Chemist: 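Here it is, the structure in full.
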Amino acid sequence: LMAERSIARSSALSVARASVTREAKRVGWGLWVEAAIKAFWPVWAVLALAVGVVLLGIPALLPRELHYALLAGFAAAILFFIVRGAMALRAPSEAEKLARLDAGARGRPAQTFDDALASGSGDRGSEALWAAHQLKLAEKAAALKAKAPDLRASGHDVFALRHGALLVLIAGVIGYF
C-alpha cells in the first residue's frame, strides 16, 4: 500500500512537472511579447508620426535644410528608441514565469509543489502529511494554464502619445488618397 502511494505520488509529480514546464514556456513567450511592447512602443509611435507627416506633405513645404533636419530628427528618434528598447529588453526569469503562471491560483502551486520537507523528515506522520500536501499541489499545478499576454501599451504610454501619432498617420492617409 505504501509503495503504491509512492508510485502514485511520483507519477503525479512527474505529470505536474511536465505540465508546469510546458505552460511556463508558453508564459515565457507571452512575457517576451509584453516586454517587446513595453520596450518598443515609442518606435512604432514615432514611425507612425513620421509617415503621417510625410503623407500630409509637410516636409515638401519646408525649406531644404528644415526638410532634411525633420527627416534626420525622425531617423534619430527612431534609432534612439530602438537602442533604448533593445537595452531594456531582457529574458524573463524562471521565477517570473512561475509567478505569472501562479497568478490567481491559491497556494502558488507551480512554485511550491516540488518543495522539500523543511523539518520533520524521518517522522512518518510528517512525511505522510507532506506527501498528501505535495500531491494536492501537484494536481493544482498540473491544471494551471498560461494566460494570454497583456498587449496593451497604455500602462507605459500614460500621455497616450501613440494615439496622437496614429491620428497624424490617419490624417496623412486620408489626405494622401
Side-chain angles (χ1 to χ4, degrees), residues 1-49 76-166:
L1 183 64
M2 191 70 153
E4 289 175 12
R5 284 185 186 163
S6 179
I7 291 171
R9 182 173 153 257
S10 176
S11 175
L13 291 176
S14 295
V15 167
R17 241 181 246 110
S19 177
V20 166
T21 300
R22 180 185 64 250
E23 294 301 316
K25 185 180 274 191
R26 291 182 62 209
V27 166
W29 283 110
L31 289 172
W32 267 110
V33 169
E34 288 179 14
I37 287 172
K38 178 182 176 183
F40 293 112
W41 76 262
V43 174
W44 303 320
V46 172
L47 193 58
L49 180 64
I78 289 169
L79 183 63
F80 170 77
F81 286 123
I82 286 173
V83 169
R84 189 181 87 170
M87 289 173 54
L89 203 59
R90 63 174 182 74
S93 69
E94 286 301 314
E96 289 171 318
K97 293 176 191 178
L98 292 178
R100 174 64 67 91
L101 188 57
D102 272 341
R106 248 180 107 197
R108 299 185 345 234
Q111 297 176 66
T112 59
F113 80 91
D114 223 3
D115 286 351
L117 182 60
S119 64
S121 58
D123 176 29
R124 283 186 157 173
S126 294
E127 288 178 352
L129 182 61
W130 181 252
H133 173 69
Q134 250 187 331
L135 190 58
K136 188 174 182 181
L137 282 176
E139 289 170 358
K140 285 182 180 180
L144 292 174
K145 298 293 177 209
K147 289 152 187 73
D150 181 8
L151 303 179
R152 295 173 295 174
S154 58
H156 313 294
D157 179 15
V158 293
F159 297 112
L161 298 175
R162 68 197 185 286
H163 294 300
L166 185 62

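Keep in mind the model is a prediction, meaning the values are calculated, not measured.
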Chemist: If every non-hydrogen atom of Ala24 is compared with every non-hydrogen atom of Leu101, which pair is closest and at what distance?
Modeler: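 That would be N-CD2, 4.2 Å.
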Chemist: For the OG atom of Ser126 and the NE2 atom of His133, what is their distance to the nearest 0.5 Å?
Modeler: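 So the OG of Ser126 and the NE2 of His133 are separated by 13.0 Å.
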Chemist: Considering non-hydrogen atoms only, spot the tightest contact between Ala12 and Ala138 and give its length.
Modeler: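 Reported closest heavy-atom pair: O-CB, 3.9 Å.
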Chemist: If we ignore hydrogens and angles and just use 3.5 Å, is the side chain of Glu23 paired with the main-chain N or O of Lys145 as donor and acceptor?
Modeler: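 It does not hold such a pair.
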Chemist: Hey, could you give me the CG/CD distance between Leu31 and Glu96, rounded to the nearest 0.5 Å?
Modeler: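 If I round to the nearest 0.5 Å, the distance is 6.5 Å.
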Chemist: Any side-chain to backbone donor/acceptor pair from Asp102 onto Gln111? Under 3.5 Å, distance only.
Modeler: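 Yes, the answer is positive, given that a donor and an acceptor are paired below the 3.5 Å cut-off.
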Chemist: Can you list the steps and then say if Gln134 with Leu137 is a side-chain contact (heavy atoms from CB on, under 4.5 Å)?
Modeler: CA-CA 5 Å; Gln134 250 187 331; Leu137 282 176; 5.8 Å; no
Chemist: Could you check whether Arg124 pairs with Glu127 (Lys NZ or Arg NE/NH1/NH2 to Asp/Glu carboxylate O, under 4.0 Å)?
Modeler: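 Salt bridge between Arg124 and Glu127, a charged N being under 4.0 Å from a carboxylate O: no.
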Chemist: Got a second to check how far Asp150's CG is from Lys38's NZ, nearest 0.5 Å?
Modeler: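 Going from CG on Asp150 over to NZ on Lys38, the span is 11.5 Å.
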Chemist: Do the side chains of Pro42 and Arg84 get nearer than 4.5 Å, heavy atoms only?
Modeler: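 Heavy-atom side-chain distance check passes, below 4.5 Å.
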Chemist: Does any N or O in the side chain of Thr112 come within less than 3.5 Å of the main-chain N or O of Gly107, such that one atom is a donor and the other an acceptor?
Modeler: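 A pair under 3.5 Å: yes.
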Chemist: Looking at every heavy atom in both Trp32 and Pro92, which two are closest together, and how far apart are they?
Modeler: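 Closest approach of Trp32 to Pro92, heavy atoms only: NE1-CD, 3.6 Å.
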Chemist: Could you pull out the closest heavy-atom pair between Ala141 and Ser19, with the gap in Å?
Modeler: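 Looking at all heavy atoms of both residues, the closest pair is O-OG, 4.2 Å.
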Chemist: Shortest non-hydrogen contact from Phe40 to Leu89?
Modeler: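 Heavy atoms of Phe40 and Leu89 come nearest at CE1-CD2, 3.9 Å.
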Chemist: Do other residues, nucleotides or ligands put more than 12 heavy atoms under 6.0 Å from Arg17 CZ?
Modeler: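 Counting neighbours around CZ of Arg17, more than 12 heavy atoms of other residues, nucleotides or ligands fall under 6.0 Å, so yes.
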Chemist: Say you draw a straight line from CG of Leu49 to CG of Leu166; how long is it, rounded to the nearest 0.5 Å?
Modeler: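 Leu49 atom CG to Leu166 atom CG measures 11.0 Å (nearest 0.5 Å).
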Chemist: Any non-hydrogen side-chain atom of Ile37 less than 4.5 Å from a side-chain atom of Glu34?
Modeler: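 Heavy-atom side-chain distance check fails, nothing below 4.5 Å.
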Chemist: Could Glu139 and Lys136 be called an ion pair, given the rule that one side-chain N must be under 4.0 Å from one carboxylate O?
Modeler: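 Result for this pair is no, no salt bridge flagged.
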Chemist: On a heavy-atom basis, which atom in Val15 and which in Ala142 lie closest, and how many Å separate them?
Modeler: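 Scanning both residues, the minimum pair turns out to be CG1-CB, 4.4 Å.
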Chemist: What's the spacing between Glu94 CD and Thr21 OG1 if we round to 0.5 Å?
Modeler: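 Rounded to the nearest 0.5 Å, the CD-OG1 separation comes to 8.0 Å.
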Chemist: Please report the interatomic distance NE2(His156) to CH2(Trp41), rounded to the nearest 0.5 Å.
Modeler: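 Those atoms lie 10.0 Å apart.
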Chemist: Val46 pairs by side-chain contact (heavy atoms from CB on, under 4.5 Å) with which of Ile78, Ile82, Leu79, Leu161?
Modeler: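 Result: among Ile78, Ile82, Leu79, Leu161, Ile78 is the only option passing the side-chain contact (heavy atoms from CB on, under 4.5 Å) with Val46.
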